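Throughout, protein chains are lettered first and strands after them, A, B, ... in sequence-line order, and every chain is numbered starting at 1. These figures come from a predicted structure and were not determined experimentally.
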Amino acid sequence: MKIAVDVMGGDYGSGEVIGGVLRWLRESEGSVILVGPEQEIAAVLAEHSYDAARLEVVNATEVIAMGESPAIAIRRKKNASIVVATGMVKAGQADAVLSCGSTGAQMAAALFILGRMEGIERPPIVGAIPNARGTHSLLIDVGANVDCRPGQLVQFGALGSAYASAIQSIAKPRVGLLNNGAEETKGNAAAAEAFTLLKQQPKLNFIGNVEGRDLFNGDCEVIVCDGFTGNIVLKAMEGLVLFLAQQTMRELGRLPSIYQAVDYRQVGGAPLLGVKGVSIVCHGSSKSQAIYGGMKIAAQCVESRIVEQQQQSLAELI
Amino acid sequence: MQEFIELARKLLAEQLDLNPQDIAMETKLEDLDADSIDVVELIMALEDAYDVEFPEEGLENLLTFGALVTALYQHLEQVKNG
């Protein structure tokens, strides 16, 4: 198992990224390729001890800034760390890529370098939400596509269904559409059209609209929405968890273990679905703990062969 | 040039799930809900069709379908003419 890590683009600099990667390296048998400016990486590595036989550095000097047009930047900056790292997965030199840089650039790199699966226009990011049944519901998309056409939400449903079947061994995952009411007529024009399209998919187990409060009851395994909505939902949840953790700590002097499972600072990353390779998106604000969590998710995705599993399930759904 | 424009129109319409007649030369890409990924996908499809590589410089400033295909066609002509 070899994971290519784009060390650039994180809010806290390459030191935090490399710190999390080295912890994973110590606790696993895998190997890593650190992709970024080699002098900067060498300076960070000099402060740590690590198994040099399992760590490689590949120089990449360009960075895609948050404000750049991602698709155009991917073409223009061939030596950007996310382009080089994703290219290594495409070339079979790495099993997965992980980045906490620009999500748009990572999505564009995955789309144009790894390629998309049959029937999929845009790769979404899947977020795993713990629920009352002790499992996880999958929220798709949590931020890769801020503008989505209704047909893309149907594709997210198919991808989520395929992913849930592959990862959670569920025969016919229930798919819901995140909306502001349960009735069929609820929502804006895009949601209403998406509802109609989802209802027309005989192979999808579409159960209708799902309201925000139902995200945690476990009544459906896959909840689809555009990336704009999904990202706001995700970050509102993260903020709520931090707030409740502070209040609980103040009142009880300790935190129940559930907080660790939902703390984004520890969970780390989430895979892009629908592309022909494992690409793990981490928070821009990831510290080493989150990067470590993201590395574990990357390893799980490789071990459980999510790409092949998705392709197999998708072929039956689309 | 007309053949190039018609192919670009057809490819973009397929990508965006639109009727090709909805895409006029003066249509703003923004009004078609086409983002930079859609534009790059169109460019890559045209690159495959014409076996050429288009430059990215200035793409962000081409706001209409007509401006985009005209710029691409001009580059294609330059390549053809050496």
Got more than 12 heavy atoms from elsewhere within 6.0 Å of [atom1], [X]?
{"X": "A:D11", "atom1": "CG", "value": "yes"}
{"X": "B:D51", "atom1": "CG", "value": "no"}
{"X": "B:E47", "atom1": "CD", "value": "yes"}
{"X": "B:K28", "atom1": "NZ", "value": "no"}

Under 4.5 Å from a heavy atom of chain A, the part of [X] involved:
{"X": "B:E41", "value": "both"}
{"X": "B:D35", "value": "side chain"}
{"X": "B:L16", "value": "both"}

Looking only at non-hydrogen atoms, find the nearest pair between B:F54 and A:R75 and report the distance.
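Shortest heavy-atom contact: O-NH2, 2.9 Å.
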About how many Å separate OG of B:S36 and CD of A:E68, when rounded to the nearest 0.5 Å?
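Result: 11.0 Å between the selected atoms.
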Which answer fits A:I74, side chain, backbone, both or neither, if we ask what part of it has an atom under 4.5 Å from a heavy atom of chain B?
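For A:I74, neither part sits under 4.5 Å from chain B.
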Determine whether A:R76 and B:E57 make a side-chain contact, defined as any pair of heavy atoms from C-beta on separated by less than 4.5 Å.
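SC-SC contact between A:R76 and B:E57 confirmed.
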Using a 4.5 angstrom heavy-atom cutoff, name the option from A:R116, A:M107, A:E121 with the most pairs to chain B.
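Ranked by heavy-atom pairs under 4.5 Å with chain B, first place is A:R116.
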For A:D147 and B:D33, what are the C-alpha separation, side-chain angles and deciding distance, and is it a side-chain contact (heavy atoms from CB on, under 4.5 Å)?
CA-CA 8 Å; A:D147 293 305; B:D33 287 336; over 6 Å; no
